[in-house]
Each structure stands twice: as C-alpha cells, then as structure tokens.
K.L.:
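The structure that follows is given in the form of structure tokens.
Bear in mind that the values here come from a model prediction, so they are computed numbers and not experimental data. Computed from heavy atoms alone, side chains included, the values below leave out hydrogens, waters and symmetry copies.
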Amino acid sequence: MRKGKQMGLDLKITTQLQGFSLDVQWRMDNELVVLFGHSGAGKSLTLRTIAGIAPQGAGYLELNGRVLFDSRKSLNVPPQQRSVGYVFQDLALFPHMNVEKNILYGAIGIEAKQAKTKAGEMMEIFRLTEQRNKYPREISGGQQQRVAFARALMRQPEILLLDEPFSALDDQLRLEMRKCLAGVVKSEFHIPAVLVTHNVLEAYMLADRVLVYSGGRVVQAGAPQVVFANPVNEEVMSLASLLKLYPAHLLAGT
C-alpha cells in the first residue's frame with residue numbers, strides 16, 4: 001500500500017511484452033538509481049514503462065506526487081505529457097540537424113525565443129558552444145553524448161532516464177561521460193536519474209542505489225558497496241566478481 005503522496009518516483013508495474021514478463025516494485029528519491037543486470041533482464045522495459053512508451057500492464061506509477069499511471073483507475077498519462085527526459089542507447093541524434101537544432105528538438109512546446117535562449121544555456125553547460133553549427137558526424141562520441149543529454153534536459157524534466165548511454169564509447173570516453181553525468185546532472189539540475197547498465201563498474205561508481213534485475217524481477221537492492229559485498233545469490237555474486245577485473249584506482253574514483 002502507498003502511504004500518501006511522496007516526492008520522487010514510486011512504481012509497481014506488472015506487464016508483458018513479446019512473451020517477457022516484468023514484475024517490479026520500487027521507489028526512489030532525488031538520487032541516481034542504477035538498474036543493473038544481464039541483458040534481457042527487464043531494465044530497459046522498465047524505463048520505457050516509466051516514459052509511457054511501452055505497455056503499462058497493471059499497477060501504478062507516481063512521479064513527484066503526480067499519478068502517471070494507475071490501472072485501477074484506468075489512468076494512463078500520454079508520453080508527451082510526462083515530465084521525463086530520455087537518453088536512448090543509440091542517442092537518436094538527427095544526422096541532418098546541427099548540434100543546436102538537435103538540442104532545440106527537445107524544446108517542443110517552449111516558445112521559440114525562450115527555447116533559443118535555453119539551448120544556448122544548455123550548450124554552455126555541456127561545453128558545446130563551439131560545436132553549435134556542426135553535425136553529429138563532425139563531432140566526437142563524447143560530444144554526441146553531451147548533445148543527447150542537453151536535448152533530454154531542455155524542458156527541465158522531473159526525472160532523467162538513461163538507457164545504456166555509454167555502451168558505444170571507448171574506456172576513456174566512458175570515464176569522461178560518467179563524470180559528466182555524476183557532476184552535471186546532480187550539481188546543475190538536481191533531479192533524480194535512472195541509469196540502465198550491465199557494466200558493473202558503472203553501477204559501482206555512479207549509483208547512489210543499485211537495483212539488480214534478473215528475469216524481470218528485482219533480486220537485490222541497496223548501496224552498490226553493500227550489494228556487491230553481500231550478494232544474495234550466485235547470479236549477483238558472479239556479477240559482483242567482475243569488479244575484480246578493474247584496478248583499485250578506478251574503483252576509488254581516481
């Protein structure tokens with residue numbers, strides 16, 4: 001049972017998609033939560049459900065006290081009316097648009113002059129001002145990543161969803177973008193973020209709290225240091241053991 005309205009994200013979702021069953025219940029405050037686990041565990045489906053672009057099934061979804069979905073009341077707020085920023089795995093940048101226009105695409109519904117000003121602010125925050133007239137093919141992978149972040153945050157969403165955004169980057173760029181995510185999202189925007197990954201180092205380094213997914217269920221949740229030090233089953237133990245592959249200075253964040 002829910003105990004009145006609370007700030008943050010509160011969800012209980014049971015749904016099916018192409019024979020896969022998702023049954024999860026969790027809540028978060030203003031923090032960075034990582035959904036961690038093997039591919040096909042239901043992490044990305046959870047993000048799509050939060051955004052309203054996947055079958056909602058049964059249950060409820062509440063963001064900052066606003067109910068976005070409640071199957072008992074036949075309530076389902078359309079995706080465009082949910083205050084959600086979304087960064088897709090393939091970034092989904094438009095190749096025929098320059099950096100500024102790609103960012104402006106995230107300003108749908110904002111008055112043109114205000115959107116232009118906001119885009120300028122976002123380019124400054126994400127260090128993209130000098131690239132504003134360049135096309136995605138003309139900028140680096142890390143810069144493309146920052147364009148996707150800037151576009152997702154243009155409308156000042158109440159939550160940011162990130163679906164394996166670093167998977168195509170090399171190790172150096174991954175490190176750069178982890179710092180960008182941890183620094184900019186937390187320091188500049190102060191909104192909760194949900195990151196999907198199956199990279200154990202990202203889960204360990206970035207999460208305030210990690211939710212380990214397996215077979216469409218959450219099998220363990222907690223601070224990453226606690227979860228990986230005290231795995232509840234063999235699957236979580238095998239995932240946690242991958243941390244041993246990384247040098248100590250990376251785990252220490254140096």
Side-chain angles (χ1 to χ4, degrees), residues 1-79 81-84 86-89 158-165 167 192-200 202-203 206-224 226-228 230-240:
M1 295 290 292
R2 287 170 287 172
K3 299 179 180 180
K5 294 182 179 180
Q6 299 183 43
M7 300 304 289
L9 178 68
D10 186 7
L11 66 85
K12 176 178 172 59
I13 296 294
T14 302
T15 190
Q16 289 194 346
L17 182 64
Q18 299 177 343
F20 179 82
S21 176
L22 178 72
D23 187 356
V24 294
Q25 178 176 8
W26 50 268
R27 80 168 317 277
M28 67 183 292
D29 298 311
N30 189 10
E31 56 188 334
L32 198 160
V33 167
V34 170
L35 308 187
F36 175 65
H38 293 300
S39 297
K43 306 182 301 297
S44 296
L45 180 56
T46 299
L47 289 197
R48 295 197 297 273
T49 301
I50 295 169
I53 56 177
Q56 304 290 278
Y60 62 83
L61 177 64
E62 191 175 291
L63 178 61
N64 287 347
R66 180 191 178 201
V67 179
L68 303 181
F69 170 70
D70 192 327
S71 59
R72 298 169 301 178
K73 300 178 181 179
S74 299
L75 173 63
N76 187 11
V77 175
Q81 295 178 20
R82 301 187 181 197
S83 185
V84 172
Y86 205 129
V87 177
F88 295 90
Q89 184 174 3
E158 295 179 48
I159 192 169
L160 180 63
L161 309 178
L162 305 125
D163 193 355
E164 298 195 59
S167 60
V194 184
L195 169 68
V196 162
T197 186
H198 56 263
N199 182 291
V200 68
E202 285 174 6
L206 291 173
D208 293 313
R209 194 155 50 93
V210 61
L211 307 180
V212 184
Y213 270 53
S214 178
R217 309 291 188 273
V218 176
V219 295
Q220 190 169 358
V226 175
V227 168
F228 295 137
N230 303 279
V232 296
N233 60 31
E234 290 186 4
E235 182 176 0
V236 182
M237 185 181 298
S238 68
L239 290 167

K.L.:
How many angstroms lie between atom CG of Leu61 and atom CG of Leu9, to the nearest 0.5 angstrom?
P.N.:
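Output value for this atom pair is 5.5 Å.
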K.L.:
Without swapping roles, check the side chain of Lys43 against the backbone of His38 for a donor-acceptor pair under 3.5 Å.
P.N.:
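Looks like yes, one N/O pair under 3.5 Å.
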K.L.:
List for me each residue that meets ring-ring contact (aromatic ring centres under 6.0 Å, His included) alongside Tyr213, sequence neighbours excluded, and say none if there are none.
P.N.:
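Tyr213: no ring-ring contact (aromatic ring centres under 6.0 Å, His included) contacts found.
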K.L.:
Of all the heavy-atom pairs spanning Pro165 and Val196, show the shortest one and how long it is.
P.N.:
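Closest pair (atom of Pro165, atom of Val196, distance): CD-O, 4.3 Å.
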K.L.:
Nearest 0.5 Å, what's the CD-CG distance between Glu202 and Leu195?
P.N.:
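The distance works out to 6.0 Å.
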K.L.:
If you compare all heavy atoms of Gly57 against all heavy atoms of Ser71, which two are closest, and at what distance to 0.1 Å?
P.N.:
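So the two residues come closest at O-CB, 3.9 Å.
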K.L.:
A side-chain contact here means heavy atoms from C-beta on lying under 4.5 Å apart; do Lys12 and Phe69 qualify?
P.N.:
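In short, these two side chains do not touch, never coming nearer than 4.5 Å.
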K.L.:
Go through it in stages, so that I can follow the logic: the residues are Ile159 and Val194, the test is side-chain contact (heavy atoms from CB on, under 4.5 Å), and I'd like the CA-CA distance, side-chain angles, deciding distance and then a yes or no.
P.N.:
CA-CA 8 Å; Ile159 192 169; Val194 184; 4.0 Å; yes
K.L.:
In Å and rounded to the nearest 0.5 Å, what is the CG to CD distance from Asp10 to Glu62?
P.N.:
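Asp10 CG to Glu62 CD: 6.0 Å, rounded to 0.5 Å.
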K.L.:
What distance separates Arg72 CZ from Asp70 CG, expressed to the nearest 0.5 Å?
P.N.:
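Between Arg72 CZ and Asp70 CG, I get 4.5 Å after rounding to 0.5 Å.
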K.L.:
Would you say the side chain of Val34 lies within less than 4.5 Å of the side chain of Thr197, judging by non-hydrogen atoms?
P.N.:
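Yes, side chains in contact.
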K.L.:
With the side chain counted from C-beta on, respond yes when Tyr60 and Leu75 share a heavy-atom pair under 4.5 Å apart, and no when they do not.
P.N.:
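In short, these two side chains do not touch, never coming nearer than 4.5 Å.
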K.L.:
Tell me whether Gln81 at atom CD has more than 12 heavy atoms from other residues, nucleotides or ligands lying less than 6.0 Å away.
P.N.:
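Yes, the 6.0 Å shell around CD holds more than 12 heavy atoms from other groups.
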K.L.:
Checking the side chain of Asn64 only, and the main-chain atoms of Gly8 only, is there a donor and an acceptor separated by less than 3.5 Å?
P.N.:
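Checked: pair present.
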K.L.:
Check Pro231 against Val236 and note the closest heavy-atom contact, atom names and distance.
P.N.:
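That closest heavy-atom pairing would be CB-CG1, 3.7 Å.
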K.L.:
Any non-hydrogen side-chain atom of Arg217 less than 4.5 Å from a side-chain atom of Ser21?
P.N.:
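The answer is yes, as the side chains (C-beta and beyond) meet within the 4.5 Å cut-off.
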K.L.:
Are Val227 and Val232 side-chain neighbours, meaning at least one heavy-atom pair lies under 4.5 Å?
P.N.:
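The answer is no; the side chains never approach within 4.5 Å.
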K.L.:
Sequence neighbours excluded, which residues qualify as salt bridge (charged side-chain N to carboxylate O under 4.0 Å, His left out) partners of Arg209?
P.N.:
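Expected list: Glu31.
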K.L.:
Does any non-hydrogen side-chain atom of Val219 lie less than 4.5 Å from one of Glu235?
P.N.:
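Side chain of Glu235 against side chain of Val219, heavy atoms only: no contact under 4.5 Å found.
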K.L.:
Side chains of Gln220 and Leu239: does their closest heavy-atom pair fall under 4.5 Å?
P.N.:
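They are not in contact (no side-chain heavy atoms under 4.5 Å apart), so the answer is no.
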K.L.:
Would you confirm whether Gln56, through its side chain, and Thr49, through its main-chain N or O, come within 3.5 Å as a donor-acceptor pair?
P.N.:
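Yes; judged by distance alone, with no hydrogens or angles, the pair exists.
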K.L.:
From Leu211 CG over to Met28 CE, what is the distance, rounded to the nearest 0.5 angstrom?
P.N.:
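It comes to 8.5 Å.
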K.L.:
Between Pro79 and Gly52, which heavy-atom pair has the shortest distance, and what is it?
P.N.:
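Taking every non-hydrogen atom into account, CG-O, 3.1 Å.
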K.L.:
Which heavy atom in Phe228 sits nearest to a heavy atom in Ala203, and how many Å separate them?
P.N.:
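For Phe228 versus Ala203, the nearest heavy atoms are CZ-CB, 4.2 Å.
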K.L.:
Side chains of Leu47 and Tyr86: does their closest heavy-atom pair fall under 4.5 Å?
P.N.:
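Heavy-atom side-chain distance check passes, below 4.5 Å.
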K.L.:
Do you know which two heavy atoms are closest between Ala193 and Leu162, and how far apart they sit?
P.N.:
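Where Ala193 meets Leu162 most closely, the heavy atoms are CB-CD1, 4.2 Å.
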K.L.:
For Val77 and Arg66: C-alpha separation, side-chain torsions, deciding distance, then whether side-chain contact (heavy atoms from CB on, under 4.5 Å) applies.
P.N.:
CA-CA 10 Å; Val77 175; Arg66 180 191 178 201; 3.6 Å; yes
K.L.:
To the nearest 0.5 Å, tell me how far Leu45 CG sits from Gln16 CD.
P.N.:
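These two atoms lie 10.5 Å from each other.
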